[in-house]
Structure formats: C-alpha cells, structure tokens
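Numbers here simply count residues along the sequence, with the first being 1. Each ligand, and each atom within it, is numbered from 1 in the order the structure gives. Everything numeric here is computed off the predicted structure, so don't read it as measured data.
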Amino acid sequence: MLVDGVQMRPIWKVDGKEIIQVIDQRYLPHQLIFKDLETAEDTIDAIKQMVVRGAPLIGATGAYGVYLAAVNSPGRMVDEEYLRTECEKIKAARPTAVNLTWAVDRVFDAALKEPSGENRIAAVRDEAEKIVEEEAENCRMIGLHGYELIAEISRKKGGKTVNILTHCNAGWLACIEYGTATAPIYTAFEKGIDVHVWADETRPLNQGARLTAWELGKAGVKHTVITDNAGGHLMQHDMVDMVIVGTDRTTHTGDVANKIGTYLKALAAKDNNIPFYVALPSSTFDWQLTDGIAQIPIEERNPDEVRFVQGESDGKINRVLIPPAQSPAADFAFDVTPARLVTAFITERGICRPNIEDIGQLFPDKMK
Ligand code: MRU
C-alpha cells in the first residue's frame with residue numbers, strides 16, 4: 001500500500017541478503033521504524049513482542065522464520081530434526097492465530113521435498129515468498145467480494161455515507177496488502193463509494209487507534225476513532241450500517257476468535273439488527289477445531305499492557321501508568337464470537353454463511 005507515495009508492506013526480504021525486514025509496529029503511528037530479522041530467534045521475538053502482529057502477518061513472519069532457521073543451520077545443511085525443532089519453537093511464539101502453525105508447517109513440508117543444504121534453503125525461501133504473495137492476493141479478493149456488500153448498502157442509502165465499524169487492526173499492517181476487514185473498505189473507497197469508518201481504539205494496545213487510524217489516514221479514508229465502549233450507542237442511533245472485523249482463528253464450524261471486545265460488538269450488532277461480517281483468508285480457518293469457545297487457545301499477555309498506556313508527547317514516545325500501582329490487572333488478548341452472531345464470512349473465494357456446510361461448499365479441498 002502507498003504511504004506518503006512510497007509502496008510499502010509490513011514485511012519483505014532484503015534483495016540479495018539473507019535478512020528479513022519488518023515495520024516495527026510498536027512505534028506507529030508516531031514513528032515509522034524498520035527492523036532487521038536475521039535469525040529464527042529474531043522472528044520469535046518479533047512475534048512475541050508484537051513488533052509484527054495480525055494473523056496473516058504472524059504467519060508470514062513465521063514462514064520467514066523457518067527460512068532464517070535454514071540459513072543459520074549448522075553447515076547450512078538444514079538437517080530435518082534441526083529444522084523440526086526450530087519450527088516447533090516458532091509455532092509456540094503466540095498461541096491464538098492459527099496462521100502461524102499453518103504457515104510454518106507448510107514451509108517445513110516444502111523443505112522436506114529437497115534433500116538438504118542449499119536446495120533446501122531455496123525451497124524454504126520460495127515457499128515463504130509464495131505464502132506472502134498468496135496472502136496479498138487473498139486480501140485483494142476479499143476486497144472485491146466484500147465491496148459488493150458495501151455497494152449494496154450504499155445503493156439502499158441513495159449514495160449517502162456508509163458507516164462501517166471495525167475493531168482492532170485487520171488492515172494491511174496485519175495482512176501484507178489491503179487487509180482483511182479493511183480490504184472491502186479500500187475497494188469501496190477506490191470505486192468512489194462514500195465510506196466512513198468507526199475505528200474502535202482497541203485496548204489494551206490500541207491497534208485501532210494507532211494502526212487502523214494511521215492506515216486509513218494515509219489512504220485518505222474518512223474515519224473516527226472511538227472508545228471501545230462507544231459501538232453499542234452508535235448502533236442504537238443508526239450510526240453504524242455494518243460491522244466488518246478480522247479474525248485470528250475461525251473454526252470450520254463458524255466460531256470466530258478475534259481481538260478482545262469483538263464478542264461485545266457482535267452482541268450489540270445482533271440486538272440492533274446490524275450485519276456483522278468477518279473477513280478472513282482460508283489460512284485463518286481452523287479445519288480441525290469444532291467448538292471455538294471451548295477449544296481455541298486464548299492468549300493471556302503481560303498485565304502491564306493493561307496497566308500502562310503508550311503515547312507521544314513532546315516528540316517522544318512515553319508510557320504512563322493508569323491504575324493504582326498495586327492493583328492487579330489481567331490481559332486476555334482475544335475472545336470468541338459464536339457463529340450464531342455472525343452474518344457471514346468474506347473470504348477470498350466468496351461470501352458464505354457461518355456454518356460447516358456453507359464453509360465446506362466454498363472450501364471442499366480444505367475440509368478434513
Ligand atoms: O494481538 P494482535 O494485534 O496480533 O491481534 C490481531 C488483530 O489485530 C486482530 O485480532 C485482527 O482483527 C485479526 S488479524 C487480521
């Protein structure tokens with residue numbers, strides 16, 4: 001995507017070098033900083049510390065992590081057992097986004113198709129790059145399919161502004177290009193539809209206020225940052241036409257894990273008859289789990305993320321403490337929205353209802 005006229009992605013391989021570069025998302029929107037990843041350990045750290053975040057990007061970073069493990073393997077031999085151990089370490093970096101396991105396993109399988117050494121390194125690199133390109137294309141397709149939903153609302157409103165609420169950041173920063181939840185918005189905007197986005201700030205790490213607002217602003221899309229608790233009020237007062245969110249893992253039965261607070265938005269949308277869409281590439285479907293609430297692992301992070309808030313003042317990025325210093329805090333990073341609250345999924349292959357039959361019809365090749 002264009003940032004101040006410069007084509008940018010959140011991750012790329014440096015030409016001619018065995019180095020991966022990423023945008024360090026911890027400093028956005030106040031500073032645009034790039035970070036080098038040179039080892040598998042660097043990628044694990046980047047995923048854990050949320051230098052990179054968002055399910056498709058976590059997957060892509062994991063895939064490149066396997067590549068970096070391969071280039072740093074003893075004698076560049078990429079022994080199978082060595083690579084398997086490295087892959088397990090990468091997969092353990094964050095638990096909720098299924099894209100991580102999906103991408104790492106896929107690159108590992110590609111590695112085993114080559115005997116060892118340089119051929120194996122090349123296979124791993126090519127597969128990681130393939131994943132990155134596929135995810136970009138998937139998001140483009142999600143944009144085209146989701147655009148139809150926005151266009152329909154715009155027609156019904158006689159061309160008046162379509163107000164879309166989103167939670168967290170499921171934009172290009174999280175997904176290589178276009179984003180998942182934001183792809184239909186960018187497509188509608190490009191095609192001249194009048195769109196406005198309500199961006200939930202998304203405590204504790206404020207991905208909505210920091211990242212979604214930054215992205216939309218750079219693209220020229222109208223948006224307003226709101227507190228996480230404002231959505232219900234806006235819905236009651238006809239100020240939201242649709243909700244589009246992303247997801248970190250969705251069961252093939254239709255339950256959606258996404259950033260904490262998504263469930264409450266889905267409840268409010270249901271109560272107010274507002275369509276609630278979830279945009280995702282097939283890499284975010286979990287083809288094994290059947291009960292999202294019982295089975296999807298929900299990451300609990302450092303409570304300091306709740307206790308402190310980061311922002312900019314006097315040109316510097318600072319953290320400030322919010323609650324009493326002695327008060328304990330808890331940091332649940334995701335929640336699960338049951339399928340019954342979801343209107344439909346927007347995928348790279350089209351739109352489907354949130355149930356095993358309809359998902360299976362779109363993805364017969366993926367069902368186990
Ligand atoms: O903790 P994060 O920032 O990695 O969480 C991921 C998210 O931004 C969201 O949950 C998002 O909606 C899904 S990722 C496209």
Query raised in the report: Does NZ or CZ of Lys191 fall inside the cone over Tyr147's six-membered ring, less than 6.0 Å from its centre and within 45° of the axis?
Result: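 Yes, cation above the ring, under 6.0 Å and within 45°.
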Report task. With Arg319 as the cation and Phe308 as the aromatic partner, state whether NZ or CZ is under 6.0 Å from the six-membered ring centre and within 45° of the axis. Result ->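 Yes, a cation-pi geometry.
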Query raised in the report: What do you reckon, are the aromatic ring centroids of Phe285 and Trp102 less than 6.0 Å apart?
Result: no
**Report entry** No-hydrogen, no-angle side-chain donor-acceptor test under 3.5 Å, Thr96 and Asp248
**Finding:** no
Query raised in the report: Can you list, by chain and residue number, every protein residue with a non-hydrogen atom closer than 4.0 Å to ligand 1?
Result: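 Its neighbours under 4.0 Å (heavy atoms only) are Met50, Arg53, Gly54, Ala55, Pro56, Arg94, Cys168, Asn169, Ala170, Cys175, Thr180, Gln207, Gly246, Thr247, Asp248, Asn258, Lys259, Phe334, given by chain and number.
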Requested in this report: Anything under 30° is parallel, anything over 60° is perpendicular, the rest tilted; go ahead and classify His237 against His233.
Outcome: tilted
Query raised in the report: Which residue pairs pass the side-chain hydrogen bond (donor to acceptor under 3.5 Å, both in side chains) test when at least one of the two sits in residues 109-125, sequence neighbours left out?
Result: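 Listed once each, the pairs are Arg76-Glu118.
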